[in-house]
Number of protein chains: 4
Amino acid sequence: MKEDKRERIRQASIKVISKKGFYNTRADQIAEEAGVAVGTIYNYFSNKEEILEYIFEVELKKRLAFLEELENKEGHVLDKIHLFLQKHFNEIIKDPKVGEILVKEKQFPHRNNLNAILGYLKLIPEKLTLLLENGAKKGQIRKCNYKLIGSSLFGAIQGVVEVAIQNNELAILNEAADELTDLFFNGLKIK
Amino acid sequence: MKEDKRERIRQASIKVISKKGFYNTRADQIAEEAGVAVGTIYNYFSNKEEILEYIFEVELKKRLAFLEELENKEGHVLDKIHLFLQKHFNEIIKDPKVGEILVKEKQFPHRNNLNAILGYLKLIPEKLTLLLENGAKKGQIRKCNYKLIGSSLFGAIQGVVEVAIQNNELAILNEAADELTDLFFNGLKIK
Amino acid sequence: MKEDKRERIRQASIKVISKKGFYNTRADQIAEEAGVAVGTIYNYFSNKEEILEYIFEVELKKRLAFLEELENKEGHVLDKIHLFLQKHFNEIIKDPKVGEILVKEKQFPHRNNLNAILGYLKLIPEKLTLLLENGAKKGQIRKCNYKLIGSSLFGAIQGVVEVAIQNNELAILNEAADELTDLFFNGLKIK
Amino acid sequence: MKEDKRERIRQASIKVISKKGFYNTRADQIAEEAGVAVGTIYNYFSNKEEILEYIFEVELKKRLAFLEELENKEGHVLDKIHLFLQKHFNEIIKDPKVGEILVKEKQFPHRNNLNAILGYLKLIPEKLTLLLENGAKKGQIRKCNYKLIGSSLFGAIQGVVEVAIQNNELAILNEAADELTDLFFNGLKIK
DNA sequence: TATGAATGAGTGTTCATTCAT
DNA sequence: CATGAATGAACACTCATTCAT
């Protein structure tokens, strides 16, 4: 019941924020879209930023859970990365509105210095870094600066999504997983 | 004289914005830092956003000019990319405050839909894409989805800078140019 | 309830504006006088000018309604004008603050070119002109340039009120209806 | 020389203010129109309001001088008023821009309570009142409330001009002097 | 006397958040 | 738990005026 209302507000927020941007979205616009009163929003979120954080949280938890699953599985690191890319790009193709928010609002400046979004967001390249490190340990890829390459991979993913959304070419994402894996496969194979 | 004042305001803005974020920077804080009156700012910029745009403009023009130089030179595309990465990372090491702004404020939501910053920003991956395409034509690298790889490269660059700045580890940037070139070198070499 | 608050703001505005002039009246002064927060004003009026327009609207609608009543009644045109003058001057004697605003703020320059006040204000001389025209048709007064005489009458009314208010001699208004009717009666009688 | 520059600024001000209204006229727009620097304006006028006051002063002095001339002449009061009306309406037809300013800016709210314009403006109905009073003494017109009728006349004049300018029908002013004199002639003749 | 860059006080309006109902 | 009217702090920007040159 409680989660129901929270979810309704999240969905409404995604709709409005993806269209107007978080900065230009007013609390009452979210309320109207969600079919509740403004006050109700504040029964489920303590402030506007928290809604945005929640949107990121939901998406990022999905990715992190998937990455953790992958960590515990056997298999080649680059296959795992390939699976992750497929998963991520598919989610975005499925719900481009959320994708747009992930791309555009990631750096939204929080009033307090605790930026929950960046907190979550850091976990992804960290997981990727770990994946690479373990892959190298198992001799699946060459040694490298894992953190640096992990961050690059994470950045590359975002670069692709950014371009796809900016130019309204979601189709590009369909081949993106293959191309990127290919790039990193050759780039990281044992010499 | 006129450019002097404009430059002073730019410098002051970089200092304040990198510390507090553009959104949380007040016009009078910039004025104070620049040692001028608020009104003076508006003799040189027509609004606050224009200051941010100018900061990006200055930086991006440097990069674009460098990329154009590279385009017209002989040499292997990956050497060119290597040079560009060195140039970019060095600039950031030299002036991390600007780097911070480039990373954090890139997506700042503009009131009018004409986002001058994104306009400039799109040119970089476009140039990279062009570089890759020409390199492929000359047989220096394999064929690939140039736009996708160009965007990935651009994203990778940003991912690295983001992590470096977030974790306050500028040192990582010193090897970043080499590592990234290496990654793409293998990733894109003729099979 | 909603109209209550709007009315409270109107009353407060009359008080403050008549004292300091619209131009020198700050939104927070109105709010304070009305016993509400500044923001509340903007829940009932979309901007400061709209408050002034509303003050004129209320007053002018009273006059226009009265003039329309008169139009539909039988009787001599100059008796009708006499009644209108009495009505108008009485209203001003009853509430001189509003009178002061009507006189002083009538020409307030609006930012957009649509000056709602002038729109309303033009209707009064138009009605007077119509009254004169009909009176002439019925042979109650001589033929004349109705528009010109209508405007003169409207101007004369304002001239009288202006002087009465400027010199703080509201008493003059008591005889004004009679004197003016007398003037126009002789001035317009059939030769 | 000094008067030359002052006059140039007055002329420029008339041009700009009649177009945009005093409230919307910026000091630098006047300067540009006059072909001088902003600072120069302040060598000839101590502030912006003083320019407007000066415009009124010049016009009103012309009228007052004319009225004083008339006072000292022999003749019927209504002939004198006729002459005055002709003079006034002719001036407005000759230079409608000034007429527009006289009508629109008369009530401009001054920051200090000393409104020089209203000070001047009051003198006109006072002179008219005096004229009427003297006429009555000489038995040229009936007794009446001179102040009230003087103010009415002054108001009537303004009403006519206002309508003429609002509707862009300066032609109406050509017959206005005759019509108005006629009205007052009959309205004030000895019974 | 002319200039025009610099000044900074001044204010309408917004909108996230609250809380009495 | 839902409501939505009330709140009031916050801020970009303007523009008349100044004064060093």
Side-chain angles (χ1 to χ4, degrees), chain A residues 1-2 4-5 9 22-32 34-51 111, chain B residues 1-2 4-6 8-9 23-32 34-51 111, chain C residues 1-2 4-6 9 23-32 34-51 111, chain D residues 1-2 4-5 22-32 34-51 111:
Chain A
M1 196 64 190
K2 177 138 185 169
D4 221 44
K5 198 64 74 65
I9 293 168
F22 182 69
Y23 179 80
N24 292 312
T25 296
R26 313 289 154 227
D28 59 347
Q29 293 168 334
I30 293 174
E32 198 189 354
V36 299
V38 223
T40 304
I41 291 176
Y42 289 86
N43 292 333
Y44 294 89
F45 295 91
S46 58
N47 55 52
K48 219 182 86 174
E49 283 183 9
E50 213 183 60
I51 302 177
R111 272 166 309 183
Chain B
M1 195 67 191
K2 178 134 187 171
D4 235 41
K5 201 60 75 63
R6 205 171 150 86
R8 213 159 96 201
I9 293 167
Y23 179 79
N24 292 311
T25 296
R26 312 293 150 223
D28 59 350
Q29 294 169 337
I30 293 173
E32 199 187 352
V36 299
V38 210
T40 303
I41 292 177
Y42 290 87
N43 290 337
Y44 293 89
F45 296 91
S46 55
N47 53 52
K48 221 183 87 178
E49 282 183 11
E50 213 183 59
I51 302 177
R111 271 167 308 182
Chain C
M1 195 64 191
K2 179 135 187 171
D4 235 39
K5 201 59 76 61
R6 204 171 150 88
I9 292 168
Y23 179 79
N24 292 310
T25 296
R26 312 292 151 224
D28 58 350
Q29 293 168 337
I30 293 173
E32 199 187 353
V36 299
V38 212
T40 303
I41 291 176
Y42 289 87
N43 289 338
Y44 293 89
F45 296 92
S46 55
N47 53 52
K48 220 183 89 179
E49 281 183 12
E50 214 183 58
I51 301 177
R111 272 167 307 184
Chain D
M1 198 63 190
K2 175 136 186 173
D4 222 44
K5 198 63 75 64
F22 183 69
Y23 179 80
N24 292 311
T25 297
R26 313 287 152 229
D28 60 347
Q29 294 168 335
I30 293 173
E32 197 187 356
V36 299
V38 223
T40 304
I41 292 177
Y42 289 86
N43 291 334
Y44 294 91
F45 295 91
S46 56
N47 54 52
K48 219 184 86 176
E49 282 182 10
E50 214 183 60
I51 302 177
R111 271 165 310 182

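Lettering of chains follows the sequences in order, A, B, ..., and the numbering in each one begins at 1.
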### Query
Would you say A:R26 reaches E:dT14's phosphate, i.e. side-chain N/O to OP1/OP2 under 4.0 Å?
no
### Query
At their closest point, which heavy atom of C:N24 faces which heavy atom of C:Q29, and how far apart are they?
O-OE1, 3.7 Å
### Query
Over how many whole Å does the gap from D:I30 atom CD1 to E:dT3 atom P extend?
15 Å
### Query
If you take all heavy atoms of B:Y44 and B:R6, which pair is closest and at what distance?
O-NH1, 2.7 Å
## Note on the structure
A:K5 atom NZ is separated from F:dC1 atom P, nearest whole Å, by 9 Å
### Task
Using whole Å, report how far CD of D:E49 lies from C1' of F:dA16.
11 Å
### Task
Determine: side-chain N/O of C:Y42 to OP1/OP2 of E:dT14, distance under 4.0 Å, yes or no.
no
### Task
Decide yes or no for A:I41 and A:I51: does some side-chain heavy atom of the first lie under 4.5 Å from some side-chain heavy atom of the second?
yes
### Message
Both A:V38 and D:V36 contact DNA chain E. Which one's nearest nucleotide lies toward the 5' end?
### Response
D:V36
### 5' priority, DNA chain F, between A:G39 and C:G39 [closest heavy atom]
A:G39
### Query
Could you state the CG-C1' distance from D:D4 to E:dT1, rounded to the nearest angstrom?
14 Å
#### Entry: Whole angstrom value for the distance that separates P of F:dA12 from CD of B:E32
14 Å
#### Entry: Separation of atom CG in A:N43 from atom C1' in F:dT3, rounded to whole Å
9 Å
### Query
How many angstroms lie between OH in D:Y42 and CD in D:E50, if you round to the nearest 0.5 Å?
10.5 Å
### Nearest to side-chain heavy atoms of A:N47, which nucleotide of F:dA2, E:dT17, E:dT7
E:dT17
## Note on the structure
What one should report as the nearest heavy-atom pair of A:K48 and A:T25 is NZ-O, 2.7 Å
## Note on the structure
Here the pair of heavy atoms bringing A:A31 nearest to A:A37 is CB-C, 3.9 Å
## Note on the structure
Intra- and inter-strand pairing of DNA chain E, written as dot-bracket with Watson-Crick and G-U pairs under 3.5 Å and | for the latter, reads .||||||||||||||||||||
### Query
Partners of D:F45 by ring-ring contact (aromatic ring centres under 6.0 Å, His included), sequence neighbours excluded?
D:Y54
### Query
Do the side-chain N or O atoms of D:Y44 get closer than 4.0 angstrom to the phosphate oxygens (OP1, OP2) of E:dT1?
no
#### Entry: Interatomic distance, C:F45 CZ vs E:dT14 P [rounded to whole Å]
15 Å
### Message
Considering every strand and a 4.0 Å limit on heavy-atom distances, what is the contact class for C:A27: base, sugar-phosphate, or nothing?
### Response
base
### Query
To the side chain of D:A37, which of E:dG4, F:dT7, E:dA2 is closest?
E:dG4
### Query
What's the CG-P distance between D:D28 and F:dA16, to the nearest Å?
7 Å
### Query
At under 4.0 Å between heavy atoms, what does B:T25 touch on the DNA or RNA strands: base, sugar-phosphate, or nothing?
sugar-phosphate
